[in-house]
There are 2 protein chains.
Amino acid sequence: MSVTIKDIARIAGVSYSTVSKALNDSPLVKKKTKEAILKVAEQLGYQPNMAAKSLVSKKSQIIGVAWPTVERPAWSTLITKINDLLGQQAYHTLLSINPVDSAITIFNRFHVDAILLFQEESRGRPGLPQSTVPILCYGKPEGQLSAVDVNRRKAMFAAVRYLYERNHRRLAYIGDLSPNDLIQQEKYIGFAEAIIQFGLPTHPLMTMNTAGNSADQGYRLTKQLLHSAYEPTAIVSGSYDITVGVMRALKEEGVIVPADLSLISYDNIPQMASFDVPITAVGAPIERIAAGIVDSLFAIINKTKLSPFCKQIEIELVERASCQPL
Amino acid sequence: MSVTIKDIARIAGVSYSTVSKALNDSPLVKKKTKEAILKVAEQLGYQPNMAAKSLVSKKSQIIGVAWPTVERPAWSTLITKINDLLGQQAYHTLLSINPVDSAITIFNRFHVDAILLFQEESRGRPGLPQSTVPILCYGKPEGQLSAVDVNRRKAMFAAVRYLYERNHRRLAYIGDLSPNDLIQQEKYIGFAEAIIQFGLPTHPLMTMNTAGNSADQGYRLTKQLLHSAYEPTAIVSGSYDITVGVMRALKEEGVIVPADLSLISYDNIPQMASFDVPITAVGAPIERIAAGIVDSLFAIINKTKLSPFCKQIEIELVERASCQPL
DNA sequence: GTGAAAGCGCTAACAG
DNA sequence: CTGTTAGCGCTTTCAC
């Protein structure tokens, strides 16, 4: 049996409500008493029982994170950042790797303060289970839930504009075009919109579908592109992983970036700087996404914003060395 | 406010203790009554309050997993398996990505039924915080805690014996030899023991230290090895990631596996079959590790085994196509 | 079979 | 300032 406030009360010779107050640093307790109580608690190795605490206070200081796929590097660093930020506010994150429905159910039973939903792709009809706990989506908004999202369309548009302003006209897009992945599609739409708006020429090999975010596909398609009749002056890559493959292929083929070919990639992450040629990239910096999510989490917990909202994270274009004007 | 057993009781026209019994499928309730209660609960969308439940029952049906590094693919599939297995026993897993100490503290406050500790490398002196909740280690045993561990030493020994029995005499080991990573060292020790026991010749380039488990290092060192004076007939790789690099280098250099060179790798995972040449590998299959961990978890929860134990997971050598007798 | 009542560890009025 | 008391939602004797 673990030690309770009653144990502390008995030993410190006070009532247990006084102990409760002392432990919560209430101003209603004399400093002397408080210190004495804290010392006893310390010595006994007291750990508050969250179950009891949350039962009465209706707060758990826990954010439940529905994390359908453990194996997703890009989100790993994001969740780490979020965890840190939340930690500073005395909140903790608990991840569930169960299917979304089951995760939501568990978190509801535990009365976490909010649920953060990471969504690969917005699911069809099924709809989520009822939830007393407020839910925030990251990825694609689901039903009537609040969400934070990155404006990927705008990001890709900016990438093309950047290239266009530097006199590039023949572009190629290498990315995931899977029909059921709305997130990836957004990127492509941004690319396509810009192509149209700037009146750039198109070509059958202009868009290459990696059908997934794998370096291998990026590698393969780049090779294919290089051996084709189409000679783009710049490549737009759909993700970090793909860029890894693209760069490997370019290197093998002896194509010099940016002298022979410019390359701009989606995913605004630090790793972009660690290629042989640091990659110019566009996207929302992970810190900003994390901050946006944490803010929104507090918003739904404290009901600052009421109706479902959708916070767009602004994107950034980070110039490095992989692009060069024509 | 969410619905409680009292709400159900009122609507079903029974006392709330009867509801509690019905919900827990107690034989003390008439079938008819039980069904009626269950139906009301269903309609109301009742969700039991775990806080209250665990407060009185001292059980939470939750296994806390201390997961210091989200970004570790090999463990991702393992945790997924464990989660599934536990799910079948009506247990749930909650991951914490905080530092071990803080994770243990939180899980204690929440009174999870057991904590599973994933450890990169056994830490030095600091010692873990007190825990009322039983803890199981995976990776390196820590202090007086029970643990489950893979016999990596034995695995590598078996790998060398396998090669030896097929008349290979000049071997090379490519793996992580970081002095502070006991897990990696175990592998090398197994290799070295076998070399000695079978009286195999040594060479300065026989062991190549990747200092980490990166494909890139595996790639680099393989190239280095190939351009050196030492001509091994077989390579022993320390991990899947390293093998990825080794294979890439071999391919680039036009070395045919297994005709020109045999290769055996640590890490008994399905991905080993997906190389151009399916890789013969040694190690504990992930399913067996998961099962061993779940068993041990129940053992410490139910106090089946009392004193700290250390369960060794047996290894397996899976023959595929990357080795060939000389 | 069913209900009444105690109590898990804690917070939050409300008295003193 | 400190103590008393009433629950939070639930399980579990113990009566009826």
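Reminder, nothing fancy here: chain letters follow the sequence lines and each chain counts from 1. Everything numeric here is computed off the predicted structure, so don't read it as measured data.
Atom P of nucleotide C:dC10 and atom CD1 of A:Ile8 are separated by 8 Å, given to the nearest angstrom. Residue B:Ile5 contributes atom CD1, which lies 13 Å from atom C1' of C:dG3 at whole-angstrom precision. The nearest whole Å value for the distance from the CE atom in B:Met50 to the P atom in D:dC8 is 20 Å. Distance, A:Asn49 CG to C:dC8 P: 12 Å, rounded to whole Å.
Nearest-nucleotide positions on DNA chain D for B:Ser17 and B:Leu55 put B:Leu55 closer to the 5' end. Position along DNA chain C of the nearest nucleotide to A:Ser57 versus A:Lys6 favours A:Lys6 as the more 5'-ward residue. When each of B:Ser15 and A:Asn24 is assigned the nucleotide of DNA chain C bearing its nearest heavy atom, the one mapping closer to the 5' terminus is B:Ser15.
Nearest to the side chain of B:Ser20, among C:dT11, C:dA6, D:dT12, sits D:dT12. Considering only side-chain atoms of B:Thr18, the nucleotide from C:dT2, D:dT2, D:dG3 that sits closest is C:dT2. Nearest to the side-chain atoms of A:Thr4 among the listed nucleotides D:dT2, C:dG9, D:dG9 stands C:dG9. With D:dC8, C:dG3, D:dG9 as the candidates, the nucleotide lying closest to the side chain of A:Val56 is D:dC8. Between C:dG3, D:dT11, D:dC1, one nucleotide has an atom nearer to the side chain of A:Thr33 than all others, and that is D:dC1. The B:Val14 side chain lies nearest to C:dG3 when the options are D:dG3, C:dG3, C:dC8. Each of D:dC10, D:dC8, C:dG9 was ranked by its minimum atom distance to the side chain of A:Lys58; first place goes to D:dC8.
The base of C:dG3 sits with one of its N or O atoms less than 3.5 Å from a complementary donor or acceptor on the side chain of B:Lys21.
No side-chain heavy atom of B:Leu116 sits under 4.5 Å from any side-chain heavy atom of B:Ile135.
Within the 3.5 Å criterion, the main-chain N or O of B:Gln61 finds a donor-acceptor partner in the side chain of B:Asp113. Here the side chain of A:Ser146 pairs a donor or acceptor atom with the backbone of A:Phe309 at under 3.5 angstrom.
In this model, no donor atom of one side chain and acceptor atom of the other lie less than 3.5 Å apart for A:Ser26 and A:Asn24.
Using a 4.0 Å cut-off between charged side-chain N and carboxylate O, A:Lys81 and A:Asp84 make no salt bridge.
Applying the 4.0 Å criterion to OP1 and OP2 of C:dC8, one finds that A:Tyr16 has every side-chain N and O outside that range.
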